[in-house]
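Worth knowing before you read on, the calculation uses all heavy atoms, side chains too, and leaves out hydrogens, waters and symmetry mates. The model shown is predicted, which means the values in this text are computed figures rather than measured ones. Letters A, B, ... are given to chains in the order of the sequence lines, protein chains preceding strands, and every chain is numbered from 1.
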2 protein chains.
Amino acid sequence: MSDGQFTISDLAGEFALTPRAIRHYEELGLLHPGRRGTVRLFSEGDRKRLRLVLRGKRLGFSLEQIKEMLDLHYARPGEIAAPEALLGRIEDHRAALLRLREDVGMALSWLEILEERCRGHLKKSA
Amino acid sequence: MSDGQFTISDLAGEFALTPRAIRHYEELGLLHPGRRGTVRLFSEGDRKRLRLVLRGKRLGFSLEQIKEMLDLHYARPGEIAAPEALLGRIEDHRAALLRLREDVGMALSWLEILEERCRGHLKKSA
DNA sequence: TATAACCTTTACGTTAACGTCAATACTAAT
DNA sequence: ATTAGTATTGACGTTAACGTAAAGGTTATA
């Protein structure tokens, strides 16, 4: 597409997923692309939403959770329902994310060690 | 259990999962608990393995991938098969982990903003 | 204008990671 | 020795996140 508009396979190509997956995200309400007739047309905004979806996936959230977050993210400032309840959940998420960051650190240093062992093994067999 | 030994529900309780899940991990070869008769007995080492399993899960790996990693982790130094091939995969994993760490950072600062909006909304309605 | 290369919906299939029985066995304490 | 509380092994069920195949519209371009 010429304009700042994308077809479904444009985005599928860019983000390394299938058109089916993108349609699936739309079915669940994660994306709301425009239409030219029957054909989906994705805007730059849709693309950014998709980026957020994939980030959420990498962080281990379900598509349903991701939908909640997107709805929050794009809600007008006054439109947050039950903010006090949300504050608690925010704390839980923060705790999980901090632990996840530790997990990433451990995994990275584990990779270091494993890589050393690999190289050591290669030197010996050379 | 008195000694440094745990029953299946000890571990289930400690790690907030079900006995069934733990048996499932054993079926897939992630755990190899001892037995007293027919009853499973988990050592401190088994417990550490389980900890690694859960860390792997949080990082988004499948149980099958986690098994691979455990097998690598507990392999004797010489027992690493195809080290040169492994080096490439290590790089891929490292890249994914670095991106994940960025994702965590973005998510954390997003939570900050969301929390601010919550608090602002609460002040106004007070 | 024909035709290849896309797009659409509909609907059933697949896989991972367990959940949930059921039937049975063991174990600890009374 | 009896009984309450766990444990064990099947074996089938469930859910999320798509895959895949069928049948048919659309669009770009030669």
[N] [atom2] sits how many Å from [X] [atom1], rounded?
| X | N | atom1 | atom2 | value |
| --- | --- | --- | --- | --- |
| L50(A) | dC18(D) | CG | C1' | 15 Å |
| H24(B) | dC21(C) | NE2 | P | 19 Å |
| I22(A) | dC18(D) | CD1 | P | 11 Å |
| L11(A) | dC7(C) | CG | C1' | 14 Å |
| R36(B) | dA7(D) | CZ | P | 11 Å |
| E26(B) | dA7(D) | CD | C1' | 12 Å |
| R20(A) | dT14(C) | CZ | P | 15 Å |
| L41(A) | dC6(C) | CG | P | 16 Å |

Are OP1 or OP2 of [N] and a side-chain N or O of [X] less than 4.0 angstrom apart?
| X | N | answer |
| --- | --- | --- |
| T18(B) | dG19(C) | yes |
| T7(A) | dC6(C) | no |
| Y25(A) | dA17(D) | no |
| R40(A) | dC7(C) | no |

Most 5' of G37(A) and K57(A) on DNA chain D, judged by nearest nucleotide: K57(A)
Ion pair R94(B)/E91(B), N-O distance below 4.0 Å: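 E91(B) and R94(B): salt-bridged.
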Salt-bridge criterion met for K67(B) and E64(B) (N-O under 4.0 Å): no
Given [options], the nucleotide with the shortest approach to the side chain of [X]:
| X | options | value |
| --- | --- | --- |
| A21(B) | dA17(C), dG19(C), dT9(C) | dG19(C) |
| V39(A) | dC7(C), dC18(D), dT9(C) | dC7(C) |
| R35(B) | dT8(C), dC18(C), dT8(D) | dT8(D) |

Reported CG-to-CG distance for the pair L17(A) and L11(A), which is rounded to 0.5 angstrom: 8.5 Å
Along DNA chain C (nearest heavy atom to each residue), the more 5'-positioned of F61(B) and T38(B): F61(B)
5' priority, DNA chain C, between L28(B) and S9(A) [closest heavy atom]: S9(A)
Given E26(A), R23(A), R49(A), the one that forms side chain to side chain contact (heavy atoms under 4.5 Å, CB included) with P33(A):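 The residue from E26(A), R23(A), R49(A) that satisfies side chain to side chain contact (heavy atoms under 4.5 Å, CB included) with P33(A) turns out to be E26(A).
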F61(A) ring center within less than 6.0 Å of H93(A) ring center: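 Ring centroids of H93(A) and F61(A) are less than 6.0 Å from each other.
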Touch class at under 4.0 angstrom, heavy-atom based, for L17(B) against every strand present: nothing
Sugar-phosphate, base or nothing in reach of I8(B), heavy atoms under 4.0 Å: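 Counting heavy atoms under 4.0 Å across all strands, the contact made by I8(B) is with sugar-phosphate only.
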